[in-house]
Protein chains: 2
Amino acid sequence: MGESRRERLNRDRVLDAAVALADADGLDSVSMRRLATELGVVPMALYKHVADKDELLDGMVDVALGEVDAELPGPVDAAGWRLAVRGRILAARRVQLRHPWLRRVLETRTTRTPMVLAYTDALIAGFRSAGFSDPLTHHVMHALGSRIWGFTQDLFEDVNQPPPDPASFELLATAFPHIAAVAGVAVHDDGTVVARGCDDQFEFEFALDLLLDGIARLHDQGWLPPAR
Amino acid sequence: MGESRRERLNRDRVLDAAVALADADGLDSVSMRRLATELGVVPMALYKHVADKDELLDGMVDVALGEVDAELPGPVDAAGWRLAVRGRILAARRVQLRHPWLRRVLETRTTRTPMVLAYTDALIAGFRSAGFSDPLTHHVMHALGSRIWGFTQDLFEDVNQPPPDPASFELLATAFPHIAAVAGVAVHDDGTVVARGCDDQFEFEFALDLLLDGIARLHDQGWLPPAR
DNA sequence: ACCTGAACACCGTTCAAGT
DNA sequence: ACCTGAACACCGTTCAAGT
């Protein structure tokens with residue numbers, strides 16, 4: 001992880017190192033001090049290349065979002081709005097799976113970098129060019145919400161927790177029978193209790209298609225804003 | 001904000017003070033040291049009542065979720081699954097609006113307190129008692145995701161940002177015309193550009209109903225898991 | 001122009017001590 | 001049983017100085 005301390009520091013090297021550090025050791029490891037150590041430099045040296053930690057985080061977001069285009073499934077403009085939107089979101093999801101910290105950073109950021117705006121603009125263009133009205137496009141973007149970044153927005157950070165010991169499963173199953181049933185908890189013949197994990201990709205596409213189905217229906221029905 | 005330092009500390013006083021502090025000054029203000037000062041006590045005194053900061057945060061979640069029941073719109077079991085689910089989620093949303101820090105805490109927490117599980121169990125019960133199959137209920141809960149807590153899951157933390165100066169609006173409108181159009185940016189007769197904020201409650205209910213419509217349709221059609 | 005060193009005002013938490 | 005004091009290993013960042 002140590003880098004050669006020969007070459008001059010620059011903004012890109014700082015951002016790339018921050019992304020690599022977050023990928024490898026998690027977002028909490030990305031401190032100005034730790035990052036400086038990683039680059040073989042004193043903490044204050046970083047401040048010549050990023051104004052402060054906020055700007056570092058913004059820069060990391062841009063690095064990650066810059067990878068989305070390469071994931072796009074080719075020209076889909078002629079294939080209809082639905083494939084275009086779906087393809088772009090699933091491309092973002094692939095990027096996000098490579099950079100798990102992206103979600104937490106993007107969600108706490110308030111600054112909207114040009115990269116963030118460009119991505120959003122492209123998605124919105126997908127709806128508008130298919131004849132969606134501006135109000136409908138507006139609401140539909142809100143309904144998709146942070147799912148446009150490929151985020152799972154699940155109830156819990158880690159749906160596929162390491163299975164707890166059988167005893168606590170029994171406890172869960174008696175105290176919260178509905179959760180147990182729906183979590184896919186199965187009682188085997190020998191009395192042992194297990195839960196199978198979720199297929200995250202399936203759940204994501206299920207939810208995305210549920211939304212896109214509803215959106216298509218509203219558009220086809222000529223949805224109009226409520227009178228008031 | 002200073003509290004009488006007469007009465008003995010206990011877990012509830014610590015948690016209530018933490019919630020009050022987060023409500024008033026934001027989550028970032030809730031440090032063990034600051035909280036101790038608020039309670040007129042030395043930082044280490046808190047550790048007799050919560051094991052560490054994680055347990056403090058879990059406790060804060062429980063305090064907030066404990067307020068949901070009081071927000072429920074009365075018995076709705078007979079009114080059908082849709083009103084029950086919708087009512088519970090909108091009740092959670094009202095609680096969340098009083099405690100804006102809840103979202104960030106709940107999303108970063110990995111421990112699932114009994115309160116969190118009880119809330120989830122009640123929602124799931126709403127679907128199952130209406131005859132939803134366990135697999136469909138499972139996917140449907142994932143699709144709702146963190147929206148079950150009344151979270152908006154918007155693209156950005158603060159959709160209704162303070163309007164930037166007109167000059168940057170012009171810039172935005174030329175660089176990202178689709179965003180500008182859909183954001184409700186309007187060019188007035190005198191050439192000035194303004195954007196109206198969103199109605200958060202409308203957007204939330206629009207998205208929730210879009211999902212519930214889709215869910216109802218799948219259930220009515222007798223949705224079955226894909227063969228494999 | 002770029003990097004360094006020392007310092008400031010913060011964190012969460014451990015450990016040994018007080019009452 | 002409950003609270004305290006001093007300490008440790010961390011933060012982000014400012015300021016003045018080095019090359």
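Labels below follow one simple rule: chain letters A, B, ... track the order of the sequence lines, proteins then strands, and each chain is numbered from 1.
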Contacts under 3.5 angstrom, residues 39-48 of chain A side chains, donor-acceptor by atom type, not counting sequence neighbours:
none

Nearest-Å distance for atom pair [atom1]/[atom2], residues [X] and [N]:
| X | N | atom1 | atom2 | answer |
| --- | --- | --- | --- | --- |
| A/Leu46 | D/dT14 | CG | C1' | 15 Å |
| A/Leu27 | D/dC11 | CG | P | 13 Å |
| A/Lys53 | C/dC11 | NZ | P | 15 Å |
| B/Glu55 | C/dT13 | CD | P | 11 Å |
| A/Asp54 | D/dC11 | CG | C1' | 14 Å |
| B/Leu35 | C/dG12 | CG | P | 10 Å |

Sequence neighbours excluded, the answer for ring pair (Phe, Tyr, Trp, His ring centres under 6.0 Å) partners of A/His139 is A/Trp223, B/Phe202, B/Phe206
Sorted by chain and residue number, the ring pair (Phe, Tyr, Trp, His ring centres under 6.0 Å) partners of A/Phe204 (sequence neighbours excluded) come out as none
(message) Is there a side-chain contact between B/Tyr47 and the phosphate of C/dT13, meaning an N or O under 4.0 Å from OP1 or OP2?
(response) yes
Residues at least two apart in sequence or cross-chain that pass side-chain hydrogen bond (donor to acceptor under 3.5 Å, both in side chains) with A/Asp134, listed by chain then number, are A/Arg128
* All side-chain hydrogen bond (donor to acceptor under 3.5 Å, both in side chains) counterparts of A/Arg147, not counting sequence neighbours ->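 A/Arg147: side-chain hydrogen bond (donor to acceptor under 3.5 Å, both in side chains) contacts with A/Gln153.
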Per salt bridge (charged side-chain N to carboxylate O under 4.0 Å, His left out), B/Asp58 is matched among B/Arg109, B/Lys53, B/Arg11 by B/Arg109
(request) Output all residues satisfying side-chain contact (heavy atoms from CB on, under 4.5 Å) with B/Asp12, sequence neighbours left out; order by chain, then residue number. (result)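 B/Asp12 satisfies side-chain contact (heavy atoms from CB on, under 4.5 Å) with B/Asn10 once adjacent residues are dropped.
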* Those residues that, when tested against B/Glu205, pass salt bridge (charged side-chain N to carboxylate O under 4.0 Å, His left out) (two or more places apart) ->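 B/Arg86.
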Using atom names, set out every protein N or O paired with an N or O of nucleotides 3-10 of chain D below 3.5 Å, distance rounded to 0.1 Å.
residue, atom, partner, partner atom, Å
D/dT4, OP2, B/Val42, N, 3.0

Intra- and inter-strand pairing of DNA chain C, written as dot-bracket with Watson-Crick and G-U pairs under 3.5 Å and | for the latter, reads ||.|||||...|||||.||
